[in-house]
Structure formats: structure tokens, C-alpha cells
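Here is the structure we will look at.
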There are 2 protein chains.
Amino acid sequence: MPHDHAALLKHIKADMPTDELLQDLGDLFKIFGDTTRIKIMYALYENEMCVCAIADLLNMTQSAISHQLKVLKAANLVESRRDGKTIYYRLADEHVKSIIAQGYEHITEK
Amino acid sequence: MPHDHAALLKHIKADMPTDELLQDLGDLFKIFGDTTRIKIMYALYENEMCVCAIADLLNMTQSAISHQLKVLKAANLVESRRDGKTIYYRLADEHVKSIIAQGYEHITEK
DNA sequence: TTGTCATATGATTAATTGTTCATATGTTCA
DNA sequence: TGAACATATGAACAATTAATCATATGACAA
């Protein structure tokens, strides 16, 4: 017969966040899981930037950048302000930096 | 004429990590960007677990779990040890916990 | 060795997703 | 109001990927 781990499972299950929260967590990391978006976040690490500057920097089309900024904004990872025709984006909070920094440590330490 | 930001770009470009590193960083977060893998990592947060216990816990097939554990292991996010027929998996290091914790904060704080 | 349990793996399929292209919206200035 | 610039958006296509199914590998016990 298969081996039993009902006792362990009961304990662990009690400590697990809800499925909804775990889903949200996965969705959040999914946003970090794209090179273009990572590059955008790095570009905004120190300063705000306008869309066309980001596009120039990454050597990509304005449209592609704009689509990705929309994704980042929907996840509350960036914020924006308008100044005339130009729209400047910046990181929304410190979590973005912490998450990236932790990931950076993980891949550079080994 | 389009507006100019050559000076800004030059500065930012100098501070950006290499494309290869940014790619690796994206690849790392991609792994966190799946609910099943997030659940597995949460399951292993406190204790090691065997594959079938994880499958039971998440109510998924052994095969699906095994495939995902392979992905996690390839990224050095989990490690394993064999005890007879059973193979136990555990988190590889503290970065996994930190990354998850940062993400958790981001989504629960607003 | 044979049977059973635990895990791994390869191929396939369905679903997700990032970029492109064309175009729309919004702002400024002459 | 019209022209130019900055940005946003919708549809379509290509590429990636997670789960499934069938099967293989590995360990143990009788």
C-alpha cells in the first residue's frame, strides 16, 4: 500500500495561504519573469523615464514598451505622471527593488 | 523633432547589468511565476517533503509535481535526498523564502 | 526474480503571452 | 484648426509552457 502522510499534510495545509493568494503571488512573479519588463524596471531603478527614452534605451518599439508598462502599472509596480505630451514612469514602491535585489543575489552567488 | 535624451541614456546604460544577467534574472522569476511551483515552495517552506506527499497536498498528479520539481531543481531552488524508494525535497536556500516573502508583502499591503 | 511502490521522463496538446502592425487618443504650438 | 509629437490600444501571429498520458527507471521485500 502507498505510504501515509495524512498527519504531515494536515499540519502543512493549515499553514498554507489561500489558493487565491497563492494565485496572486504567482501572477505577481510572472510579471517579473520577462526580460523586457525586468529591463524596464532596472531602467527606472534610480530615475523616472519617459516611454520613448525607455524604448531608445532597450532598442525596442514604443508600442512594445507601452504594452509592457501597462502590465507593470496594472500590477502596481510602476506609476506615471504626465508632463505635456510626455508621460514619465517610475517604480511604485520599494518592493520592486527588494524583489529584484533578492533575485540578483540568488543568481550571482553561485 | 523628437525630444532628446541621449545624456540620460548614457548614464543609465552604464548602470545596467549585462543582457545575459538580465535574462537570467527574468528566467529565475519566471520560475516563481507559476501557481503550482509557488505552492510547492510554500509546502517546503518549513519541512522537507516527498513527492507523493506534495502531490497529495496539492491534489495533483505525481507526474505534474515531478516535472515541476525538475524545473525547481534545475534553478537551484530545491534540493533532494533519497531514502529508500522515497525522495525528499527541500528548499535550497534562504533566497527562496526572501523572494516569496517580498512578493507576499507587495500583494498584501494594498 | 517478481511484484509493488516511488519517482522520472518523453511526447502531445491546450492555453498563455510578447511582439508587431496599424491605428487611435491626447497634447502642444503655429 | 491643422500638423507633429508622445503614448495607448486592438487584433493577429509566433513562441513558450504546464498538464496529461503512457511508460521507463530505481529500490525494496518476499
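Quick note on labels: first sequence line is chain A, next is B, and so on, each numbered from 1. Since the structure is predicted, the reported quantities are computational estimates derived from the model, not experimental observations.
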Could you check B:Glu48 against B:Arg81 for side chain to side chain contact (heavy atoms under 4.5 Å, CB included), going step by step and ending with a plain yes or no? CA-CA 10 Å; B:Glu48 64 177 13; B:Arg81 70 178 178 89; 2.5 Å; yes
Evaluation steps, side chain to side chain contact (heavy atoms under 4.5 Å, CB included), between A:Glu105 and B:Ser98: CA-CA 11 Å; A:Glu105 273 189 37; B:Ser98 323; over 6 Å; no
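Rounded to whole Å, the distance from CE on A:Met60 to C1' on C:dG18 is 8 Å. Going from atom CG of B:Asp4 over to atom P of D:dC5 covers 14 Å, rounded to whole Å. Per the geometry, CG belonging to A:Leu58 stands 10 Å off P belonging to C:dT19, to the nearest Å. Nucleotide C:dG18 holds its P atom 13 Å from the CG atom of B:Asp27, rounded to whole Å. Rounded to whole angstrom, the span from the CG atom of B:Leu69 across to the P atom of C:dT7 amounts to 10 Å. In this structure, NZ of A:Lys30 is placed 10 Å from C1' of D:dA18, rounded to the nearest angstrom. A straight line from CG of A:Asp56 to P of D:dT7 spans 10 Å, rounded to a whole angstrom. Distance CZ (B:Phe29) to P (C:dG18): 16 Å, rounded to an integer number of Å.
With rounding to the nearest 0.5 angstrom, the NZ atom of B:Lys13 is 11.0 Å from the NZ atom of B:Lys10. Of the inter-residue distances, the one linking B:Ser80 atom OG with B:Leu72 atom CG reads 11.5 Å to the nearest 0.5 angstrom.
Close to C:dA8, at under 4.0 Å from its OP1 or OP2, lies a side-chain N or O of B:Tyr89. The phosphate of C:dT17 (OP1 or OP2) has no side-chain N or O of A:Gln68 nearer than 4.0 angstrom. A close approach under 4.0 Å does not occur between any side-chain nitrogen or oxygen of B:His3 and OP1 or OP2 of D:dC5. Using a 4.0 Å cut-off, no side-chain N or O of B:Thr61 falls inside it from OP1 or OP2 of D:dC21.
Distance alone, capped at 3.5 Å, is enough to place a donor-acceptor pair between the A:His106 side chain and the B:Ala75 backbone. Proximity of a side-chain donor or acceptor of A:Arg82 to a complementary backbone N or O of A:Gly84 within less than 3.5 Å is detected.
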Under 3.5 Å, sequence neighbours excluded: what are the donor-acceptor pairs made by side chains of residues 16-34 of chain B?
{"unit_1": "B:Thr18", "atom_1": "OG1", "unit_2": "B:Leu21", "atom_2": "N", "d": "3.1"}
{"unit_1": "B:Asp19", "atom_1": "OD2", "unit_2": "A:Lys39", "atom_2": "NZ", "d": "3.3"}
{"unit_1": "B:Gln23", "atom_1": "NE2", "unit_2": "B:Asp27", "atom_2": "OD1", "d": "3.4"}
{"unit_1": "B:Asp34", "atom_1": "OD2", "unit_2": "B:Thr36", "atom_2": "N", "d": "3.1"}
{"unit_1": "B:Asp34", "atom_1": "OD2", "unit_2": "B:Arg37", "atom_2": "N", "d": "3.1"}

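When each of B:Arg37 and A:Cys50 is assigned the nucleotide of DNA chain D bearing its nearest heavy atom, the one mapping closer to the 5' terminus is A:Cys50.
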Produce the list of close N/O pairs, under 3.5 Å, pairing protein atoms with atoms of nucleotides 25-30 of chain C; give distances to one decimal.
none

Table of protein N/O atoms under 3.5 Å from nucleotides 9-14 of chain D N/O atoms:
{"unit_1": "D:dT9", "atom_1": "O4", "unit_2": "A:Ser63", "atom_2": "OG", "d": "2.6"}
{"unit_1": "D:dG10", "atom_1": "O6", "unit_2": "A:His67", "atom_2": "NE2", "d": "2.8"}

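Looking at A:Glu109 and B:Asp93, their side chains never come closer than 4.5 Å, going by heavy atoms from C-beta outward.
Note on A:Ile54 and B:Leu8: same hydrophobic cluster, where clusters join Ile, Leu, Val, Met, Phe, Trp and Tyr whose side-chain heavy atoms are under 4.5 Å apart, directly or indirectly.
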